[in-house]
Number of protein chains: 2
Amino acid sequence: MVGIEDVAAAAGVSTATVSRAIRGLPRVSPRTRAKILATAKELGYVPSSAASRLASGKTRTIGVLAPYVDRWFFGKAIDGVDRELHGRGYNLSLFNLGGRTQPRERLFSKAMVQKQIDALLLLCMYLNEEEIEDLHAIDMPLVVVGGPVPGLSNVGIDDYQASRTITEHLIDLGHRHIALLHGQDDSDLNFSVPRIRGEGFYDAVHHAGLEFDPDTALFGDFTVKSGVEALRRFLELPEPRPTAIVCASDEMALGVMFEARRRGIRIPEDLSVVGIDGHEMGAAVGLTTVWQDPTAQARRGTRMLLSELGGDEGAVRPEKAEQRLIVRESTAPPRR
Amino acid sequence: MVGIEDVAAAAGVSTATVSRAIRGLPRVSPRTRAKILATAKELGYVPSSAASRLASGKTRTIGVLAPYVDRWFFGKAIDGVDRELHGRGYNLSLFNLGGRTQPRERLFSKAMVQKQIDALLLLCMYLNEEEIEDLHAIDMPLVVVGGPVPGLSNVGIDDYQASRTITEHLIDLGHRHIALLHGQDDSDLNFSVPRIRGEGFYDAVHHAGLEFDPDTALFGDFTVKSGVEALRRFLELPEPRPTAIVCASDEMALGVMFEARRRGIRIPEDLSVVGIDGHEMGAAVGLTTVWQDPTAQARRGTRMLLSELGGDEGAVRPEKAEQRLIVRESTAPPRR
DNA sequence: TTGTATGCGTTATCAC
DNA sequence: GTGATAACGCATACAA
């Protein structure tokens, strides 16, 4: 295999100069640089990343910690990270944690992970006290994209405002009896997207002077399937049932809509449905929602990380992302 | 930072022994191994992967090349790879290529990529001759998951059979005039999933002695949105229109169904719709399809790679994945 | 601007 | 079963 010494010999220079030339560092005359680049290409020289990492201490790799990769928000976000990284010679190392089950497994890996990456991008998920503590202990640029984590900088929408906005939209339409489909029963977690979205809902309802019947609080897990199941439970509620339902995510809202149609419940005539996220399928079925752009958020977070690595201290900091109410056909005034 | 020498010194042994002990190699007495492991833990020792890579030549990282990460098949597949890797101490390096545009960009990166990984898992996509050639030149275990690539081992369903099966299901129901929603206009590519799925369709139609009107061949790009648009074009076809439509993917079929409902076209009374893939939302809306499991396929492919790396030559080889016709409510006999 | 020399932290090959 | 030591391939002070 051709190494830096071969290039140096062939170009009649030292390895130090080759190193500088290849990496585009200053202090290399245009002539020698050109010559080196040419011979390097000719010999098919490719630097050994392993050696480079060892010698420089930099991995040129950023890690992405995600609870899922096959769910809307995370897929979009990972895509965004990748887009920023490529072309800049950075690699993306993916670490899937798997939902809320066995988060312990990682406590050890974390230490290993740390030596494999220069910076870490965390995608919103449920974290316990201990894990948050571990995160704080990690000594490298770190940003979270999505839900807020106490003490860490994050790029994401204001989830409280999002659910409050979408709920008030229903109230403005005249709804007085609204059900809620939570993202998860996480009453034990203090900081998490599902919880915050729930609070926005409650505050909107109470602020409007309305009552919320605890029996109309349903729980799902952000999947379409759980939305389907939620609607079935909704139909078991005693009459008069709520005239609208706020879903903590578009994916669940879609499930609710699908099953409603199947059961002959008309939307929005019989039931208004809203979600949060801006899932592409929502547009196709006319779902009213609060839109956000996970890809853009992830790109922004990645750029912060890169800047920080580039020496720009303070580049990583909290930043609110764009969000927008999009009214479509799944909402209308209640009929009764 | 604590290195292997610190551990060796503290444990009163040589670095060589520490190395063996830590990696679980033989030729270390139980006693010394226990002692070493204990002091290593005590000192918080974590091996430097960079140094290990340099010395051993192995990266313990497998690369995943994907055209998208935020699309159903790919998200599921990446998830599968990750699941197999974690726990075995392997890392997952993700390389997003981006659809069919600028595939050239990679030709150089490929060489760089090669030194960063021990094996490569390719997710089905469009490849030109040149790229296939490059792939063959790569000297490491390589497997493709999804569509077949000439000369390379792949794990995936029989796409020809899938589309043929789904088309024959419609023919069996009595449909004589069937439209096709291609995954893409890729008449210039010889081997790709969309093309193969198209062939299965044509063969089924011709084998049944039916005619296919070229005007009823529509084109999409596997997204829900393109399905929506395809239905609009479908409605512009002169009467009598086809009584059924075969979509090259569930995502497109979903788009077709959504827009059909919006336009007041009843499914399956006015139009039968079928897809291929087994997308979760298909179940929620009653879409008839040919199911497959990308996660399982990716896990299988990953395991082959790992076996091959483990010295089991010939572990990587072509393997057909499970597929199954699932009849739901989007199909029925034609009314005319 | 360019060259020299040392260090980076393991792994692996021998001996013992 | 254990130890000494030479690679591994590049980055980077420091010197020229």
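Each chain gets a letter, A, B and so on, in the order its sequence line appears, and its residues count up from 1. The figures here come from the full heavy-atom set of this structure, side chains too, leaving out hydrogens, waters and symmetry mates.
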Worksheet entry | B:Y90 vs B:D118, side chain to side chain contact (heavy atoms under 4.5 Å, CB included): CA-CA, chis, key distance, verdict | CA-CA 10 Å; B:Y90 267 84; B:D118 292 338; 4.2 Å; yes
* To do: Check the pair B:D6, B:Y45 against side chain to side chain contact (heavy atoms under 4.5 Å, CB included), reporting the backbone distance first and the verdict last.
  => CA-CA 9 Å; B:D6 301 301; B:Y45 168 67; over 6 Å; no
Before you tell me yes or no, could you show the steps for B:I157 and B:Q297 under side chain to side chain contact (heavy atoms under 4.5 Å, CB included), namely the whole-Å CA-CA distance, both residues' side-chain angles and the distance that decides it to 0.1 Å? CA-CA 9 Å; B:I157 62 170; B:Q297 292 168 32; 3.7 Å; yes
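Between B:Y68 and B:F74, the angle of the ring planes lies from 30° to 60°, which puts this pair in the tilted group.
Within the structure, salt bridge (charged side-chain N to carboxylate O under 4.0 Å, His left out) pairs that include any residue of residues 33-51 of chain A do not occur (at least two apart or interchain). For the salt bridge (charged side-chain N to carboxylate O under 4.0 Å, His left out) condition, the pairs that include at least one residue of residues 60-70 of chain A, sequence neighbours left out, are A:D70-B:K76. Among residue pairs with one or both ends in residues 138-153 of chain A, none qualify as salt bridge (charged side-chain N to carboxylate O under 4.0 Å, His left out); sequence neighbours excluded.
Evaluation of the salt bridge (charged side-chain N to carboxylate O under 4.0 Å, His left out) rule for B:R23 yields no partner, not counting sequence neighbours. Remark: A:R300 engages A:E319 in a salt bridge (charged side-chain N to carboxylate O under 4.0 Å, His left out) (not counting sequence neighbours). Not counting sequence neighbours, B:E313 has no partner by the salt bridge (charged side-chain N to carboxylate O under 4.0 Å, His left out) test.
For the pair B:E308 (side chain) and B:V316 (backbone), a donor-acceptor distance under 3.5 Å is present. Using a distance-only test at 3.5 Å, with no hydrogens or angles considered, a donor-acceptor pair links the side chain of B:T302 to the main chain of B:A298.
Direction change of the helix axis from one end of the helix from C:dT1-D:dA16 to C:dC16-D:dG1 to the other is 20°, with five pairs defining each end axis (rounded to 10°).
Only B:S52, B:A55, B:S56, listed by number, bring a heavy atom of residues 52-63 of chain B to less than 4.0 angstrom from any atom of DNA chain C. Residues of residues 21-41 of chain B having a heavy atom closer than 4.0 Å to DNA chain D, listed by number: B:R27, B:V28, B:S29, B:T32. Near DNA chain D, defined here as any heavy-atom distance below 4.0 Å, the residues from residues 6-16 of chain B are B:G12, B:V13, B:S14, B:T15, B:A16, listed numerically.
For the 3.5 Å distance criterion, the side chains of B:S29 and B:T32 qualify, holding a donor opposite an acceptor. Under 3.5 Å, the side chains of A:D79 and A:T295 contain no donor-acceptor pair of N or O atoms. Under the 3.5 Å distance criterion, with hydrogens and angles disregarded, no donor-acceptor pair is assigned to the side chains of B:S48 and B:R53. No side-chain N or O of A:S49 forms a donor-acceptor pair with one of A:S52 less than 3.5 Å apart. Side-chain contact, B:Q292 with B:E322: no donor N or O sits under 3.5 Å from an acceptor N or O.
You can see that DNA chain C meets the heavy atoms of chain A within a 4.0 Å-exclusive cut from C:dT1 to C:dG9, reading 5' to 3'. Put simply, chain A comes within 4.0 Å of DNA chain D, heavy atom to any atom, from D:dG9 to D:dT12, going 5' to 3'.
Mapping B:A51 and B:T17 onto DNA chain D by nearest heavy atom places B:T17 closer to the 5' end of the strand.
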